[in-house]
Amino acid sequence: MNRRLTLLVLPLLLLVVAGCTAGKADDDPASRPPAAAERPSPFRDCSKLGTAPTSTATTAPTTTGTTAAAGGKALPELTLSCFTGGAPVALRDVAGPAVINVWASWCGPCRKELPAFQRLSERTTGQLQVVGVNTRDSRGGAQSIGEDFGVRFPILVDQGDALQRELKRNAFPLTLFVDAQGQIRHIDATGALDDAQLAKLVRQHLGLAVPA
């Protein structure tokens, strides 16, 4: 009788032990699949923003009309983080000539003009730095815009609106044209800029001809 009872109970005990063992394996962090890696940033790093372009304008641009209101003013003393990480960047250390575009992924005109800024960056390599300042935005939103629109130039992050507050500007998008001496020659807040408008503004305020 005892032998028969043992034969009946033994398989049940084996199932219970196996179930407990499986449960422990499932709870073991080493047995879980690795979490998905963070998507690599589409933007370039900011390590070269302090290095001046290899070729700059030989003549200083004039400051007339709307340029006079902003010309001659140094960039604010702000230090911003880089979207790709690394050391924070002092805005005044960005070597000009440079075009600095303030944008957010939820801003329709920003999305419309960002591809033109990317083309400007490609056409003026070695002459001009194109830099983005992402503000009032989520990291995921900015990342998606970079991926979807092919934006590759360096992006600084200013979620506290510090740059706009220093400039006393609240418009979106906002674009600064900065000469080789680090002086703001023009601030544009007229709306989405296209290739022709950007080329005209760069020529007018920074004295550089943008290749077609």
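- Contact check for L128 versus P53: no side-chain heavy atoms found under the 4.5 Å cut-off.
- Across all their heavy atoms, T135 and Q159 have their closest contact at C-OE1, 3.4 Å.
- Between V94 and Q129 the shortest heavy-atom distance is CG1-NE2, 4.4 Å.
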- D195/R119 under side-chain contact (heavy atoms from CB on, under 4.5 Å): CA gap, chis, key distance, verdict: CA-CA 8 Å; D195 296 88; R119 290 189 290 271; 2.8 Å; yes
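- No side-chain heavy atom of V99 sits less than 4.5 Å from a side-chain heavy atom of V178.
- Screening V102, L91, L156 for a side-chain contact (heavy atoms from CB on, under 4.5 Å) with V131, the sole residue that qualifies is L156.
- When all heavy atoms of P109 and A192 are compared, the pair lying nearest together is O-CB, 3.5 Å.
- Looking only at side-chain heavy atoms (C-beta outward), I100 and T175 stay at 4.5 Å or farther from each other.
- Counting heavy atoms from C-beta outward, P97 and D179 have side chains that stay 4.5 Å or more apart.
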- Could you please spell out the steps behind the side-chain contact (heavy atoms from CB on, under 4.5 Å) verdict for I187 and L167? CA-CA 9 Å; I187 300 176; L167 297 172; 4.2 Å; yes
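- Listed for the S138 side chain is a donor-acceptor partner under 3.5 Å among the backbone atoms of G141.
- A donor-acceptor pair under 3.5 Å links the side-chain atoms of Q118 to the main chain of R152, judged by distance alone.
- Atom SG of C110 sits about 9.0 Å away from atom CD1 of I145, to the nearest 0.5 Å.
- The closest donor-acceptor contact from the side chain of S121 to the backbone of F117 lies at 3.5 Å or more, if one exists at all.
- Between F153 and V151, the closest side-chain pair of non-hydrogen atoms falls below 4.5 Å.
- Closest heavy-atom contact between W103 and G132: NE1-CA, 4.0 Å.
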- Item | From CA spacing to verdict: side-chain contact (heavy atoms from CB on, under 4.5 Å), V133, I155 | CA-CA 6 Å; V133 176; I155 302 294; over 6 Å; no
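- Side chains of N101 and E113: a donor on one and an acceptor on the other come within 3.5 Å.
- A donor-acceptor contact shorter than 3.5 Å links the side chain of Q197 to the backbone of D194.
- Residues D45 and T84 bring no donor and acceptor atom of their side chains to less than 3.5 Å of each other.
- Of the inter-residue distances, the one linking D188 atom CG with L176 atom CG reads 9.5 Å to the nearest 0.5 angstrom.
- Here the side chain of R136 pairs no donor or acceptor atom with the backbone of D158 at under 3.5 angstrom.
- The cationic group of R139 lies under 6.0 Å from the six-membered ring centre of F83 and within 45° of the ring axis, placing it in a cation-pi geometry.
- Here the side chains of R185 and L206 are in contact, with some heavy-atom distance below 4.5 Å.
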- Run the numbers on L193 and L198 for side-chain contact (heavy atoms from CB on, under 4.5 Å), then give the verdict. CA-CA 6 Å; L193 298 172; L198 274 174; 3.8 Å; yes
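- Contact check for T79 versus V89: no side-chain heavy atoms found under the 4.5 Å cut-off.
- When all heavy atoms are compared, the tightest approach of P154 to L49 is CG-CD2, 3.9 Å.
- P211 and Q127 make their closest contact through CD-OE1, 4.0 Å (heavy atoms, listed as atom of the first residue, atom of the second, distance).
- Taking the six-membered ring where the residue is Trp, H186 and H205 present parallel rings, their angle staying beneath 30° rather than reaching 60°.
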